[in-house]
Amino acid sequence: MFKNIVVLTGAGISAESGIPVFRSETGLWEQERVEDVATYEGYARNPAKVHEFYNKMRRSLKERKPNPAHLALSRLEQEWQQGEVTVVTQNIDDLHEKAGSNNIIHMHGELRSAWCEHCDEHYPWEDDTSAATVCPKCNVKGKVRPDIVWFGEMPYQMGRISEKLNACDLFLSVGTSGVVYPAAGFCQIARAAGALCVEFNLEHSAGFSSFNYGLYGKASQTLTEFVDHLLKTGEALDKV
């Protein structure tokens with residue numbers, strides 16, 4: 001019988017809601033070079049470009065709605081009585097929140113958050129940012145940046161994530177490539193702790209061999225059916 005569940009979500013779960021996948025075949029993210037918009041070096045070279053890149057993405061969130069996969073995870077959290085459901089997401093969008101999930105860890109930051117490098121405060125943020133933005137906490141100008149974990153930076157709440165993985169009985173990975181560490185190693189941690197590990201993807205991920213099995217196809221279908229079965233029987237569905 002399962003008790004605690006950890007769900008790792010990646011770009012694939014939000015793709016059905018119209019949010020572009022980070023690792024596209026073109027090597028571009030929203031038509032920009034990753035090196036220019038997702039590294040601190042790119043930010044240092046052209047802060048105006050980086051601010052506007054994330055401003056545009058933040059504005060676009062208003063048009064994005066959660067899909068059935070997000071809603072299934074929200075329902076799982078609300079209806080699972082045996083233990084705790086934790087969603088660890090690599091995504092910076094707010095679709096899990098819009099779907100009604102509450103126990104969420106945004107390991108790569110959030111579009112609807114800002115970070116002041118001067119006072120090291122993180123706080124909710126809905127408006128655009130720029131090099132002229134004044135921090136509402138310390139009143140220093142020009143130190144507010146998007147609260148996004150860029151390449152070369154440490155993901156958030158790794159200690160808490162490790163605790164959840166080591167205490168879970170069921171680990172689900174939804175829409176992830178299986179190549180970005182440390183998230184790519186979460187399955188091994190959970191499985192070493194005795195958890196059943198299942199991946200949901202359009203096709204096998206790079207790390208599929210670490211999982212007990214996978215369910216392939218659109219997560220809006222596979223994950224919804226899995227959650228329905230889990231809530232009804234307490235058992236993991238192994239075929240859709």
Side-chain angles (χ1 to χ4, degrees), residues 1-19 21 64-91 93-107 157 160-178 183-205 207-240:
M1 177 65 70
F2 303 119
K3 183 179 178 182
N4 297 316
I5 302 171
V6 172
V7 186
L8 172 67
T9 64
I13 195 173
S14 294
E16 290 186 59
S17 294
I19 295 180
V21 175
R64 307 303 181 192
K65 297 180 180 180
N67 62 59
H70 295 101
L71 297 172
L73 292 180
S74 174
R75 187 158 61 88
L76 179 61
E77 179 188 316
Q78 294 165 16
E79 298 181 18
W80 187 250
Q81 302 297 320
Q82 293 90 324
E84 181 183 54
V85 176
T86 304
V87 172
V88 179
T89 186
Q90 297 170 281
N91 299 335
D93 61 58
D94 61 351
L95 296 184
H96 284 302
E97 286 84 354
K98 286 179 177 176
S101 291
N102 294 300
N103 195 19
I104 311 165
I105 299 174
H106 279 272
M107 62 180 295
Q157 301 190 56
R160 183 180 168 206
I161 292 171
S162 179
E163 290 176 3
K164 299 297 183 183
L165 290 170
N166 280 291
C168 76
D169 311 289
L170 178 62
F171 174 75
L172 310 178
S173 177
V174 186
T176 65
S177 64
F186 288 176
C187 176
Q188 290 93 327
I189 297 173
R191 196 163 181 182
L196 176 72
C197 300
V198 184
E199 81 163 357
F200 298 78
N201 237 327
L202 291 176
E203 55 190 22
H204 289 177
S205 72
F208 80 95
S209 61
S210 297
F211 291 85
N212 294 95
Y213 61 91
L215 295 173
Y216 301 101
K218 290 186 176 181
S220 57
Q221 176 189 348
T222 59
L223 186 61
T224 298
E225 292 187 18
F226 184 93
V227 168
D228 286 345
H229 185 80
L230 182 62
L231 289 173
K232 184 180 298 184
T233 68
E235 298 179 354
L237 184 68
D238 61 4
K239 184 170 61 174
V240 174

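Residues take their numbers from the sequence shown, with the count starting at 1. What you see is a predicted model, and the numbers here were worked out from it, not measured in a lab.
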key: No-hydrogen, no-angle side-chain donor-acceptor test under 3.5 Å, His70 and Glu16   = no
Between [atom1] on residue [X] and [atom2] on residue [Y], distance to nearest 0.5 Å:
X: Phe226; Y: Leu73; atom1: CZ; atom2: CG; value: 10.5 Å
X: Tyr213; Y: Leu237; atom1: OH; atom2: CG; value: 6.5 Å
X: Glu199; Y: Phe171; atom1: CD; atom2: CZ; value: 10.0 Å
X: Arg191; Y: Phe211; atom1: CZ; atom2: CZ; value: 9.5 Å
X: Ile19; Y: Asn67; atom1: CD1; atom2: CG; value: 9.5 Å
X: Asn102; Y: Glu97; atom1: CG; atom2: CD; value: 8.5 Å

What are the two closest non-hydrogen atoms of [X] and [Y], and how far apart are they?
X: Leu8; Y: Ala183; value: CD2-O, 3.8 Å
X: Ser205; Y: Ser177; value: CB-O, 3.6 Å
X: Arg64; Y: Ser17; value: CD-O, 3.5 Å
X: Ala236; Y: Phe2; value: N-CE1, 3.8 Å
X: Leu172; Y: Phe200; value: CD2-CE1, 3.9 Å
X: Gly100; Y: Gln78; value: O-NE2, 3.7 Å

Spell out, as yes or no, whether a donor-acceptor pair under 3.5 Å connects the side chain of [X] to the backbone of [Y].
X: Trp80; Y: Lys3; value: yes
X: Ser74; Y: Ala99; value: yes
X: Asp169; Y: Asn4; value: yes
X: Asn91; Y: Gly10; value: yes
X: Thr222; Y: Lys218; value: yes

Student check: side-chain heavy atoms of [X] and [Y] closer than 4.5 Å:
X: Leu230; Y: Ile5; result: yes
X: Glu79; Y: Val227; result: no
X: Glu84; Y: Lys164; result: yes
X: Leu231; Y: Leu76; result: yes

ask   = With Gln82, which residues qualify under side chain to side chain donor-acceptor pair (under 3.5 Å), at least two apart?
value =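 In terms of side chain to side chain donor-acceptor pair (under 3.5 Å), with neighbours along the sequence ignored, Gln82 is linked to no residue.
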inquiry  = Test of understanding: with side chain to side chain donor-acceptor pair (under 3.5 Å), list the residues that count as partners of Asp93, not counting sequence neighbours.
reply    =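 Counting only residues at least two positions away or on another chain, Asp93 forms a side chain to side chain donor-acceptor pair (under 3.5 Å) with Ser14.
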key: Derivation and outcome, side chain to side chain contact (heavy atoms under 4.5 Å, CB included), residues Met107 and Gln90   = CA-CA 6 Å; Met107 62 180 295; Gln90 297 170 281; 3.9 Å; yes
